[in-house]
2 protein chains.
Amino acid sequence: MANGLDDSLATEKTALIPASDLLCFSVYATAHAFMRAYRPLLAPLGLTYPQYLVMVVLWERDARTVKEIGEALSLDSGTLTPLLKRLEAAGHVSRSRDESDERRVVVRLTPRGDALRAEAAGIPAALGCVMGLDVSAIRGLRHQLADLRLRLETGDEGEARRRVTSYPAEPRSPRR
Amino acid sequence: MANGLDDSLATEKTALIPASDLLCFSVYATAHAFMRAYRPLLAPLGLTYPQYLVMVVLWERDARTVKEIGEALSLDSGTLTPLLKRLEAAGHVSRSRDESDERRVVVRLTPRGDALRAEAAGIPAALGCVMGLDVSAIRGLRHQLADLRLRLETGDEGEARRRVTSYPAEPRSPRR
DNA sequence: CCATATTCAATTGCGCACAATCGAATTACG
DNA sequence: CGTAATTCGATTGTGCGCAATTGAATATGG
C-alpha cells in the first residue's frame, strides 16, 4: 500500500522521479501541446484556444449566462469577463443583462459568431487526423481523463494533506 | 475515413459537438483539476505548480541551464525567467552565468531548495491516493498521453490547415 | 415590510504562457 | 583575423487562470 503514486515507480525515500514520469506532467504537457496545435488553425478565425472553447459552448446552445459558461468550462468570472469582452469586441458575441434578473449577463452569438461555426467545423477532424488515433481510442482516453478529473475534484483534500508526511513547514507566504 | 475526429461522434455537417466530448477539452480540464489538487499541498512549501515542476527537474539533476529546464518542461525563457527569479527571491535556487559561456545562466538548488525535496517527497503519493488509480493504470495513461503529445507536436501543421475545408477566412488579426 | 443572507458579475492583483524582439556572446566561415 | 550566422537569456506586450473583494440584485425569514 501507500502506493498509488502519481508516478509509475515505487520510490524508497526522497525519490528521484523524473518530471516526465509524473502523470500530472503528462497531462500538463499534453494540454500545452493541444493549445499549440490548435493555435495555427484558430488564428485565421481570430480566436484563441480558450475563446474557441467558449464558442463551442455557445454553438452547442446559445444565450447562456456567464455562470453557465463557467460551469461548462470550469472557469470563473475573473477569467471569463475579460475573455467575453474580447469576443464581444471582435463581434462574435453580444453581452446583455437578463431583464428578469439584472444580476445575470446573457451571452449570445452574433450573426458573425454563428457564421464562424461553419468555418470552424473542420477543425476537430483536421486535428483528429494529426493525432492519428481512431475513434474508439479517443473515446477511451476521454473517459479515463473524465474519471481522473472527477477523482481529483472530489478527492478529500484534508486526507491528502495528512498523507504528505507532514513536516509542519512553517507558513511560507505561498502567495496563492 | 475522414474520421479521426477529436471527438467520439462522426458529425454530418456543422456539428453539435459538446465541449465535454472534445478530447482537447478533457485534457484541458484535467490539467486544471491537477493544478487545483496540487495547490493546497504545495502552498505550505511556498510553491506554485509550475514552480514545483521546475524544482522536480532540479531535484532530478541539479545545476541546469534555463534552456535545459525549458526543454524538460516545454517552456521558453519568457515564462521561465520571471518564474526562476521568484524561486531565487524565495531562496530556493541561485542563478549565475556560466563562466565558460557567458550566454548561459546556470540554475542551482540552494541548501533550502534541496531541503524542500524531503518536504515535498510525500506529495506524489498523497495525490496518488486521491486519484485512486493503481500503478499500472497510471503507467498506461502516461504512455497514451506521451504518444498523443508526440503526435500533436510532430504533426504536419500545413496538412492540418489544408484539412480545415479552407474557407479562406480573411486575415483577422488573431493577435497571437 | 424590513433586515439579513445569498447569488451573480465585475474588478484587482498576482502568476503562468507565448510571440516577437533585442542585445550580448559564441561559433562558423572565408 | 573579421564578418556573418547562430545561440542564449532577458524584455515587452497580450491573453489566460484564480483568489479575494466589491457592489448590485434577488431571495429568505421574521
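Order of the sequence lines fixes the chain letters, A, B, ..., with proteins taken first and strands second; residue numbering starts at 1 for each chain.
- For A:Arg104 and C:dA9, the shortest distance from a side-chain N or O to OP1 or OP2 is not below 4.0 Å.
- Close to C:dA10, at under 4.0 Å from its OP1 or OP2, lies a side-chain N or O of A:Arg95.
- Phosphate contact (OP1/OP2 of C:dA10, side-chain N/O of A:Lys67, threshold under 4.0 Å): absent.
- The side chain to side chain donor-acceptor pair (under 3.5 Å) search around B:Arg151 returns B:Asp147, not counting sequence neighbours.
- For D:dT14, neither phosphate oxygen OP1 nor OP2 lies less than 4.0 angstrom from any side-chain nitrogen or oxygen of A:Arg86.
- Phosphate proximity of C:dC16 to B:Thr48: present, with a side-chain N or O under 4.0 Å from OP1 or OP2.
- Applying the salt bridge (Lys or Arg N to Asp or Glu O under 4.0 Å) test to every pair with at least one member in residues 64-73 of chain B, sequence neighbours left out, gives these pairs: B:Glu60-B:Arg64, B:Lys67-B:Glu71.
- Contact check, B:Lys85 against D:dT11: a side-chain N or O comes under 4.0 Å of OP1 or OP2.
- DNA chain C is contacted by A:Ser77, A:Gly78, A:Thr81 of residues 76-83 of chain A, taking any non-hydrogen atom closer than 4.0 Å.
- Taking the side chain to side chain contact (heavy atoms under 4.5 Å, CB included) definition, one finds that A:Gln51 meets it with A:Leu47, A:Thr48, A:Leu83, A:Arg86, A:Leu87, sequence neighbours left out.
- Distance, A:Tyr49 OH to C:dC16 P: 21 Å, rounded to whole Å.
- For the pair A:Ile69 CD1 and D:dC16 P, the computed distance is 14 Å after rounding to whole Å.
- The distance between atom CG of A:Leu87 and atom C1' of D:dT14, rounded to the nearest whole Å, is 15 Å.
- Remark: B:Arg36 is in phosphate contact with D:dC18, judged by side-chain N or O atoms under 4.0 Å from OP1 or OP2.
- When each of B:Leu58, B:Leu75, B:Leu73 is paired with B:Leu53, the side chain to side chain contact (heavy atoms under 4.5 Å, CB included) condition holds for B:Leu73 and for no other.
- We find that CZ of A:Phe34 is positioned 18 Å from P of C:dA17, with the value rounded to whole Å.
- The heavy-atom pair separating B:Pro40 from B:Ala37 by the smallest distance is CD-O, 3.5 Å.
- As a whole-Å value, the separation of A:Met35 CE from C:dC16 P is 15 Å.
- Proximity of a side-chain donor or acceptor of B:Thr65 to a complementary backbone N or O of B:Val106 within less than 3.5 Å is not detected.
- Two residues, A:Tyr28 and A:Glu68, neighbour DNA chain C, and the one matched to the more 5' nucleotide by heavy-atom proximity is A:Glu68.
- Computed from coordinates, the A:Tyr38 OH to D:dC16 P distance equals 16 Å when rounded to whole Å.
- Atom C1' of nucleotide C:dC16 and atom NE2 of B:His32 are separated by 10 Å, given to the nearest angstrom.
- Legend: residues meeting salt bridge (Lys or Arg N to Asp or Glu O under 4.0 Å) with A:Glu102, ordered by chain and number and at least two apart, are absent.
- For A:Asp62 (side chain) and A:Leu109 (main-chain N/O), a donor-acceptor pair under 3.5 Å exists by modelled atom type.
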Would you list the protein and nucleotides 24-27 of chain C atom pairs, both N or O, that sit under 3.5 Å from each other?
from: C:dT26; atom 1: OP1; to: B:Glu102; atom 2: N; distance (Å): 3.3

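- Relative orientation of the B:Trp59 and B:Tyr52 rings is perpendicular, given thresholds of 30° and 60° on the angle between their planes.
- Note on ring orientation: taking the six-membered ring where Trp is involved, the planes of B:Tyr38 and B:Tyr49 are tilted (angle from 30° to 60°).
- Rounded to whole Å, the distance from CG on A:Leu84 to P on C:dC8 is 16 Å.
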